[in-house]
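Below, chains carry the letters A, B, ... as their sequence lines are ordered, and counting in each starts from 1. Bear in mind the structure is a predicted one, so any value in this text is a computation, not a measurement.
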Amino acid sequence: MTQQTIQNLFSNYLSKKPIFSNKKVLMSNYTPDTVPHRENQINQLGRIILPALKNERPSNVFIYGSTGTGKTLVTNYVLNELVIAGKQNNTKISTIYVNCKMKRVADTEYRFLAFLADKLGKKVPPTGLPTDQVYKIFFKALEEQEGVLIIIIDEIDSLVDKVGDDFLYNLTRINQDLENVKVAIIGISNNISFTDYLDARVKSSLSEEDLIFPPYNAVQLQDILQERTKIAFSEGILECGVNQKCAALAAQEHGDARRALDLLRVAGEMAERNGDEIISIKHVDMAEEKVDTDRILEVVKTQPKQSKAIIYTLLSKIENESDKILTGDVYNTYIATCKKVILKPLTQRRVSDILSELDMLGIINAKVISNGRYGRTREISLAFSKDLHTKIMDFLKNEFYF
DNA sequence: AGTCCACAGGAAGGGCAGGCGA
DNA sequence: TCGCCTGCCCTTCCTGTGGACT
């Protein structure tokens, strides 16, 4: 592209009527003024945490529902309101929000405690101290607090899966040793059967109250999108049926509002990039493909070298042989791949774990099957379209200098 | 009913890098 | 600088398992 034409491109872009008037409202971290179709949950949660306004400890709450059902949004919304009411009432209410899925922030017991202590104003080094000392620092920080403190632990299941439920046991018993501050815990999880695996004592004290968030249906999603589009886009930009299509697609995916918003945002970006003045159904279709492609490609890109070698092995095996392959085959071919790219091969045990990780990340589908006397193994297939195969393969070939 | 395969996956521990306090 | 602690990645060793085969 010559300099002249790129200048034309820029001035063309600037002279067009803008597609977005406020893109922020389509982001997942945006808290709107109202939360449609969650009135019940807002009321229930509100009632549970009411005692905080009288400087009493509210019950611990356990919230569950699948992704994009508004759990975090409702919790933040209600707690914001609670803090405001507390201020008017001269009651000190503070909240700490922790997301246990955030890598290198709160994904281990140490980091989790360090994060909480940090929020309470006590610095803990990122590593180096014994865990019991971090507990001490955290308790000390708590002792200096007063009023009611509500700790929201989002994606709590992923931390418990990783480090066990001991830290929850300690946390739920925290109040016995504290005088000035009352601590309540709100646990949020995507996994409905999560509490089944907890220690009985932890379970009973953590879920003194339970709240369930059902998935949104297509009509409800449409309402949510309608509210946001009024603020997000310039007037008359949206073709009829765009909202419906985004809502319908997201409803198929367990009523995930986050996905609906993503689709709408990316559709807008697609239109913007193409220089179109109206967002049409065509853009939603493009957005659907892009959202999936981007997610998987991003996951592949961020994998360590060994996982990439395994993904490469899987792709080449599936390309050349059958759609479904077994662990043993993968391992043998992986050894060959390692030789080719001069990588020290891992043991089968470790490869088995990496395959489980890839399964959890949604890159592969792995199902444990039994072939009778020919053993038990995992049957592995790829979780994305043929189209994406080529893109990922190209990326990996480039990565390994093939 | 018992055997046997090819793994799955749990437990324990080694080695490393990074950080702290003495 | 050294000893101690952490998380992380990995290996080694081990037990468990579903179902075809005998």
Side-chain angles (χ1 to χ4, degrees), chain A residues 98-118 121-141 155-168 170-171 191 193 196-199 299-314 317 321-322 324-339 341-361 363-381 383:
Chain A
V98 206
N99 188 328
C100 302
K101 261 229 167 117
M102 278 167 79
K103 286 268 177 217
R104 314 207 175 276
V105 176
D107 56 345
T108 63
E109 185 179 12
Y110 184 101
R111 287 177 182 157
F112 173 77
L113 291 167
F115 180 87
L116 293 182
D118 181 63
K122 289 262 187 260
K123 285 271 174 243
V124 176
T127 159
L129 297 182
T131 312
D132 59 335
Q133 197 155 343
V134 186
Y135 262 108
K136 275 185 199 146
I137 297 174
F138 172 55
F139 278 120
K140 194 143 199 214
E155 314 260 13
I156 191 169
D157 44 328
S158 68
L159 186 55
V160 172
D161 278 350
K162 232 176 138 181
V163 304
D165 55 9
D166 285 354
F167 79 98
L168 279 178
N170 294 339
L171 218 56
N191 184 353
S193 54
D196 297 351
Y197 307 109
L198 288 179
D199 182 295
V299 174
V300 172
K301 279 182 183 168
T302 51
Q303 289 304 302
K305 203 131 198 167
Q306 291 287 3
S307 304
K308 280 179 184 155
I310 293 171
I311 297 170
Y312 177 83
T313 306
L314 288 166
K317 258 201 126 22
E321 294 164 36
S322 65
K324 286 188 174 153
I325 37 181
L326 309 176
T327 311
D329 296 342
V330 175
Y331 188 68
N332 291 335
T333 320
Y334 158 77
I335 299 279
T337 308
C338 284
K339 266 193 188 146
V341 300
I342 316 171
L343 203 64
K344 189 174 168 250
L346 301 174
T347 55
Q348 180 144 359
R349 177 71 189 82
R350 180 69 190 130
V351 170
S352 168
D353 273 349
I354 292 179
L355 287 172
S356 300
E357 285 163 25
L358 294 177
D359 187 21
M360 268 179 20
L361 288 168
I363 294 183
I364 62 171
N365 295 316
K367 199 172 81 191
V368 178
I369 56 157
S370 174
N371 289 326
R373 71 169 302 151
Y374 303 108
R376 235 158 70 97
T377 180
R378 263 189 296 213
E379 197 180 66
I380 300 160
S381 59

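Distances shorter than 4.0 Å separate some side-chain N or O of A/Thr327 from OP1 or OP2 on B/dA8. For the OP1/OP2 pair of B/dG9 and a distance below 4.0 Å, the side-chain nitrogens and oxygens of A/Ser352 include no atom meeting the criterion. For C/dT11, one of the phosphate oxygens OP1 or OP2 lies less than 4.0 angstrom from a side-chain nitrogen or oxygen of A/Thr347.
To the nearest angstrom, C1' of C/dT11 lies 13 Å from CD1 of A/Ile354. Atoms CD1 (A/Ile137) and P (B/dC20) sit 11 Å apart, rounded to a whole Å. Taking atom CG on A/Leu355 and atom P on C/dC10, their separation rounds to 13 Å, with Å as the unit. Remark: P of B/dA8 and CD of A/Glu357 are 14 Å apart, rounded to the nearest angstrom. Look at OH on A/Tyr374: it is 16 Å from P on C/dG19, rounded to the nearest Å. Separating the CZ atom of A/Phe115 from the C1' atom of C/dG7 is a distance of 18 Å, rounded to the nearest angstrom. Atom-to-atom, CD of A/Glu379 to C1' of B/dA6 comes out at 14 Å; the value is rounded to the nearest Å. For the pair A/Arg349 CZ and B/dG13 C1', the computed distance is 14 Å after rounding to whole Å.
Distance check: A/Asn332 CG to A/Thr327 OG1 gives 11.0 Å after rounding to the nearest 0.5 Å.
Side-chain atoms of A/Arg376 stay outside donor-acceptor range of the base of C/dG19, with no qualifying N/O pair under 3.5 Å.
Listed nucleotides: C/dG18, C/dT22, C/dC8. Nearest to the side chain of A/Arg111: C/dC8. Candidate nucleotides C/dC21, C/dC10, C/dG7 were compared by shortest atom distance to the side chain of A/Gln306, and C/dC10 ranks first. The side chain of A/Arg350 lies closest to C/dC10 when the candidates are C/dC10, B/dC4, B/dG9.
Looking at A/Asp329 and A/Ile380, their side chains never come closer than 4.5 Å, going by heavy atoms from C-beta outward. Counting heavy atoms from C-beta outward, A/Phe138 and A/Leu171 have side chains that approach closer than 4.5 Å.
Between A/Arg378 and A/Gly375, it is A/Gly375 whose nearest contact on DNA chain B lies nearer the 5' terminus.
Of the candidates A/Glu379, A/Lys317, A/Arg378, A/Lys317 is the only one forming a side-chain contact (heavy atoms from CB on, under 4.5 Å) with A/Ile325.
In the model, A/Tyr334 has no side-chain atom that pairs as donor or acceptor with a side-chain atom of A/Gln348 under 3.5 Å.
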